[in-house]
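What follows is a set of notes on a single structure, which appears directly below.
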Amino acid sequence: MRSSQYLLATQKETPADAEVISHQLMLRAGLIRKLASGLYTWLPSGLRVLNKVAGIVREEMDKAGAIEVLMPVVQPADLWQESGRWEEYGPELLRIKDRHQRDFVLGPTHEEVITDLVKREVSSYKQLPINLYQIQTKFRDEVRPRFGVMRGREFTMKDAYSFHLSQECLEKTYQDMYQAYCNIFERIGLEYRPVIADTGSIGGSMSHEFHVLAASGEDDIAFSNASEFAANVEMAEALAPAGERAAPTAEMQLVDTPKAKTINELVEQFNLPVEKTIKTLIVKGSEEAGSELVALLVRGDHELNEIKADKLPEVASPLTFASEEEIRAAIGAGPGSLGPVNLNMPVIADRAVSLCSDFGAGANQDGKHYFNINWERDVALPKVADIRNVQAGDPSPDGRGTLEIKRGIEVGHIFQLGEKYSQAMNCGVLTESGKHQVLTMGCYGIGVSRIVAAAIEQNHDKYGIIWPDAIAPFKVALIPMNMHKSHRIQEAAEALYKQLQQAGIEVLFDDRKERPGVMFADMELMGIPHHIVVGERNLDENQVEYKCRRSGEKQLLDLNKVLSFIQAL
RNA sequence: CGGUGAGUAGCGCAGCUUGGUAGCGCACUUGUUUUGGGUACAAGGGGUCGCAGGUUCAAAUCCUGUCUCACCGACCA
């Protein structure tokens, strides 16, 4: 490709609304342009990268035995009503009407369509298992699109769906997909980790997310420093602290704390150790709890995990915090003065809380706290559950090592779905014994467009993007110095260009009438991994300069060795 | 969905308080210059100031409505 006949679209200045580095660089390097909130046009260089990623995904999926299909983006509402998600799915689901006023949705995912397809096309156990996938545009009307294509509303996703007669068979395909995903991320050249993820309300099934580690990630991932354990913080189990609860050492006392509304204030003003304080959070109760409100206790230095709390039978789902008015009406004191002593509602304490002794908490009277509270002696120990987020330094749930926490970008998610959709939509086959049996399903997603952004988050420097070779828009940048003044430069550059092209190497020939600095800067910004610089000085020796984008190392190459050198990279 | 802020040339911004017919940098075009790291000089093109309504002799500027975009929040009492 000649840059003079290409849409380079690089720019010097960073648009003001781009926050994360990948978004900034994608705009500056001319990969994408915003059309509207969460909607992006892929410019030529961006599309080349996107296609490279999609190509790798496709190859590895095929290798793992999956079969490619392509389903419509627009889906009839009937299917969503059949599965129950027409009601379940929130405003993220974009609903539209056609000219006959029939309801449709813009597909955020394709479980319904694929289940409907398999129901129609697969009728015998002999055709199983089957794993169908597509690489296609999805639409989710995100609450808050941000970070460019990292969280867009329209995005490219690879989604695969497998169908099985048995759990064993599903687990086999699940493992195959797990391996295929590892192969994909390794080939692309990303630092990634598979992590245990939320199994959701479907129950019993297994789920892993694949995260690319980057500071700008939107998820917290907990890792063991001594084992392979890795889990989304949402999921990671917080073990009870080691040891028994210490015996009480002091009498409970009521203390005036008019200026202490938060744990921080309490700790500062009364010189309490933060791990000897307890936060009392009031949430809506479920029918099972038999109470409008339920209290959750976590230690002052811990955070409530809403996903864990949401799963408690006593807690109304979705988890809803009580308003200040509701709290006052029920307890007679406001937030900031709440505690377990004399609390007239069901209480659930975190494991760590159950091991506290001589601790401080609100007295359920405004401006007062109890200090030196002890379980059993001053108040009965309530139900105990794991309801907090793990923190760095906590013991790993697998019993080996302690946890570290890093940010991750979720680029893949595999899931054992079970029968949620096949049951609702009656998708089954005849078994060997001639009986109808509902199939069990797995689903496997990869955020193809998100990978492009994630790769930049991990691979950039102050000059711009540094693409891993596997997904670079071009492999080689051919940069002639002052070609428009020098015939021999032009001849040499044209000859090299032709040679590289004929060898099937993707080369961007910068034949613009630009100063060297401009060319270097653009090629570096775009992250092209290998640069060949043709200049008068070296041409006298029949040589050109090679520069590696990533390491910055330079070396001289004989003209007749350029092709073999590049091919060997 | 709540809070805050912003919409003026392709991009980044000034002008608005105190109304008087729009400006700067980058980018773009032309010429000269420079030639291994975003060169310099000169000339030039490009804007119904988000949209609609109102006040006024006169509105980018004041008022009302509306749309769009961004950031923060939607959890620790």
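The sequence lines fix the lettering, A, B, ..., with proteins before strands; numbering per chain opens at 1.
Here Glu494(A) pairs with Arg2(A) in a salt bridge; the nearest charged N to carboxylate O distance falls below 4.0 Å. Here Arg140(A) does not pair with Glu154(A) in a salt bridge; the nearest charged N to carboxylate O distance is not below 4.0 Å. Ion pairing of Arg537(A) with Glu545(A) is absent here, as no side-chain N (NZ or NE/NH1/NH2) approaches a carboxylate O to less than 4.0 Å.
Taking Tyr6(A) as the reference, Phe474(A) meet the ring-ring contact (aromatic ring centres under 6.0 Å, His included) condition, with sequence neighbours excluded. Under the rule for a ring-ring contact (aromatic ring centres under 6.0 Å, His included), Phe155(A) has no partner lying at least two apart in sequence or in another chain.
Between the side chain of Glu514(A) and the base of G38(B) there is no donor-acceptor pair of N/O atoms closer than 3.5 Å. In terms of polar N and O atoms assigned as donor or acceptor, the side chain of Lys547(A) comes within less than 3.5 Å of the base of G37(B) in a complementary pairing.
Between the P atom of G37(B) and the CD atom of Glu545(A) lies a distance of 11 Å, rounded to the nearest Å. C11(B) atom P lies 10 Å from atom CZ of Arg33(A), rounded to whole Å. Rounded to a whole Å, the CG atom of Leu35(A) is 14 Å from the P atom of U68(B). Atom CZ of Arg512(A) is separated from atom P of U29(B) by 12 Å (rounded to the nearest Å). What separates CD of Glu19(A) from P of G5(B) is a distance of 18 Å, to the nearest Å. Rounded to an integer number of Å, the gap from Arg388(A) CZ to C75(B) C1' is 16 Å.
Closest approach to the Arg28(A) side chain among C69(B), G36(B), G38(B) is made by G38(B) (side chain taken as heavy atoms from C-beta onward). Of all nucleotides listed (C71(B), C69(B), C76(B)), C71(B) comes nearest to the side chain of Arg146(A). Taking only side-chain atoms of Asn538(A), from C-beta outward, the nucleotide of G37(B), G36(B), C76(B) with the closest atom is G36(B). Considering only side-chain atoms of Lys485(A), the nucleotide from C76(B), U34(B), G38(B) that sits closest is U34(B). In the set U35(B), C76(B), G37(B), the nucleotide with an atom closest to the side chain of Asn482(A) is U35(B). Taking every side-chain heavy atom of Val518(A) into account, G38(B) is the closest of C69(B), C76(B), G38(B).
No contact: Leu338(A) has no heavy atom under 4.0 Å from any strand. Within the 4.0 angstrom heavy-atom criterion, base atoms lie near Glu306(A). Among the protein residues, Ile327(A) comes within range of the nucleic acid bases, having at least one heavy atom under 4.0 Å from a base atom. Note on Glu524(A): a base of the nucleic acid sits closer than 4.0 angstrom, heavy atoms only.
OP1 or OP2 of A70(B) sits under 4.0 Å from a side-chain N or O of Lys34(A). Proximity of Lys12(A) to the phosphate of C11(B): no side-chain N or O atom is located under 4.0 Å from OP1 or OP2.
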I'd like to know whether Glu326(A) forms a salt bridge (charged side-chain N to carboxylate O under 4.0 Å, His left out) with Lys284(A), so could you lay out the CA-CA distance, the side-chain angles of the two residues, the decisive distance to 0.1 Å, and finally the verdict. CA-CA 10 Å; Glu326(A) 287 166 322; Lys284(A) 300 278 177 73; 3.6 Å; yes

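Using a 4.0 Å cut-off on heavy atoms, the residues of residues 277-285 of chain A that approach RNA chain B are Lys279(A), Thr280(A), Leu281(A), Ile282(A), listed by number.
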